[in-house]
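From a predicted model like this one, the values you see are computed outputs, not experimental measurements. In listed order, ligands and their atoms are each counted from 1.
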Amino acid sequence: MVVYDNVVLIGFMGSGKTSVGKVLARHLCKTFVDVDTVIEKEQNCSVSEIFADKGEEYFRSLEQKCINELTQNKGQVIATGGGLPIYSEISKKSLIIYIDADFDVILGRLPAKERAKRPLLHDESRAKGLFKERIGRYEELANFRVDANQSIPTFIHVALDYVLDQRVL
Ligand SMILES: Nc1ncnc2c1ncn2[C@@H]1O[C@H](COP(=O)(O)OP(=O)(O)O)[C@@H](O)[C@H]1O
Ligand SMILES: O=C(O)C1=C[C@@H](OP(=O)(O)O)[C@@H](O)[C@H](O)C1
């Protein structure tokens, strides 16, 4: 049986990776880490500011460096940004869970303040295009997909049961 170092959550912007990750980590008694938050702390500015000042390509290089460093450690639940698995390699020793919510559900959940934090969500039709483009990659990479269209308490046990059936350090 494969032994995984970490649980890594992937999925589109706003699908709930951070929210689900925190709950999952608590139940599993693992450390929760959010890639965007780590980058923001290291750079001492927000993701939006990095996009505006240094550009998306630079942000993608920070993501790759960050996920490489984080996956040197073990026993964590790691929430990624929606574009990370599109542009970065994720260690093969990661148990990858796809947090899958419909585009309209995501938009309905995000207040203006949350949308403003995500530069690639500002233009709705472009964001919908990205959503369609990325689904295939998320599905291909994931060990497991969780339907995240409902409230977290209604589906968290599905993710938890799956992880508990695997061997994660
Ligand atoms: N299953 C859910 N039901 C209702 N609201 C949710 C759910 N998952 C996330 N949210 C809300 O959606 C927003 C985006 O969630 P977040 O966890 O930040 O997504 P991500 O990390 O994937 O970008 C937050 O305001 C969060 O409270
Ligand atoms: O999908 C993307 O390309 C992005 C997703 C964001 O993270 P969330 O998925 O947490 O919103 C953040 O990394 C950045 O705005 C780019």
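- Closest protein heavy atom to atom 21 (O) of ligand 1: T18 OG1, 2.6 Å.
- When each atom of ligand 2 is checked for a heavy atom of P119 under 4.0 Å away, the hits are 15 (O).
- Applying the 6.0 Å contact sphere to CZ of R109 captures more than 12 heavy atoms from other residues, nucleotides or ligands.
- Around atom CD of Q64, more than 12 heavy atoms belonging to other residues, nucleotides or ligands sit under 6.0 Å away.
- Residue E40 does not touch ligand 2, judged by heavy-atom distances below 4.0 Å.
- Of all atoms in ligand 2, numbered sequentially from 1 with element shown, those under 4.0 Å from a heavy atom of G81 are 7 (O), 9 (O), 13 (O).
- The aromatic rings of Y138 and Y98 sit tilted, their planes meeting at an angle between 30° and 60°.
- The nearest protein atom to atom 25 (O) of ligand 1, hydrogens excluded, is given as E114 CG, 4.2 Å; this is a heavy-atom distance.
- Looking at Q150, K17, K117, M13, it is K17 that brings a heavy atom closest to atom 22 (O) of ligand 1.
- Taking the charged nitrogens against the carboxylate oxygens, R137 and E140 do have a contact shorter than 4.0 Å, which makes a salt bridge.
- At the top of the distance list for atom 11 (O) of ligand 2, counting protein heavy atoms only, stands R118 NE, 2.7 Å.
- In terms of protein heavy atoms, atom 1 (O) of ligand 2 is closest to R134 NH1, 2.6 Å.
- When the side chains of ILVMFWY residues are joined at heavy-atom separations under 4.5 Å, either directly or via intervening members, I97 and V2 end up in a single hydrophobic cluster.
- Looking at D147, L107, N149 one by one, the single match for side-chain contact (heavy atoms from CB on, under 4.5 Å) with D102 turns out to be N149.
- Of the protein's non-hydrogen atoms, R60 NH2, 2.7 Å is the one closest to atom 3 (O) of ligand 2.
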Test side chain to side chain contact (heavy atoms under 4.5 Å, CB included) applied to L120 and E56, step by step
CA-CA 10 Å; L120 299 180; E56 179 172 350; 3.9 Å; yes
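- Nearest to atom 9 (O) of ligand 2 by heavy atom, out of E63, E114, K17, R115, is K17.
- Surrounding CG of N44 are at most 12 heavy atoms belonging to other residues, nucleotides or ligands under 6.0 Å away.
- Residue G83 places at least one N or O, backbone or side chain, under 3.5 Å from an N or O of ligand 2.
- Between R115 and E124, at least one side-chain N (NZ, or NE/NH1/NH2) sits under 4.0 Å from a carboxylate O, which counts as a salt bridge.
- Residue contacts with ligand 1, taken as heavy atom pairs separated by less than 4.0 Å, do not involve I106 at all.
- The single protein non-hydrogen atom nearest to atom 18 (O) of ligand 1 is R118 NH2, 3.2 Å, given as residue, atom name and distance.
- The closest donor-acceptor contact from the side chain of S61 to the backbone of Y58 lies under 3.5 Å.
- In this structure, A79 does not count as a contact residue of ligand 1, since none of its heavy atoms falls inside 4.0 Å of the ligand.
- Residue-level proximity to ligand 2 for E56 is absent, since no heavy atom of it falls below 4.0 angstrom.
- The environment of E89 atom CD is sparse: at most 12 non-hydrogen atoms of other residues, nucleotides or ligands sit within 6.0 angstrom.
- Among R167, K93, Q166, the one residue that satisfies the side-chain contact (heavy atoms from CB on, under 4.5 Å) test with Y4 is Q166.
- Scanning the protein for heavy atoms near atom 4 (C) of ligand 2, the closest one is M13 CG, 3.8 Å.
- Residue G16 has at least one heavy-atom neighbour below 4.0 Å for each of these atoms of ligand 1: 8 (N), 9 (C), 15 (O), 16 (P), 17 (O), 19 (O), 20 (P), 22 (O).
- Each of the following atoms of ligand 1 lies closer than 4.0 Å to a heavy atom of L110: 13 (C), 14 (C).
- Using a 4.0 Å heavy-atom cutoff, S15 is listed among the residues neighbouring ligand 1.
- Among protein heavy atoms, the minimum distance from atom 4 (C) of ligand 1 is reached at R109 NE, 3.4 Å.
- The residue from L62, I86, V47 that puts a heavy atom closest to atom 14 (C) of ligand 2 is V47.
- Once rounded to the nearest 0.5 Å, the distance linking CG of L84 with CZ of R60 reads 8.0 Å.
- For atom 12 (C) of ligand 2, the choice among I50, D36, I99 with the nearest heavy atom turns out to be D36.
- For atom 17 (O) of ligand 1, the nearest non-hydrogen atom from the set G14, G11, S19, P111 belongs to S19.
- Side chains of N6 and S94: no donor on one and acceptor on the other come within 3.5 Å.
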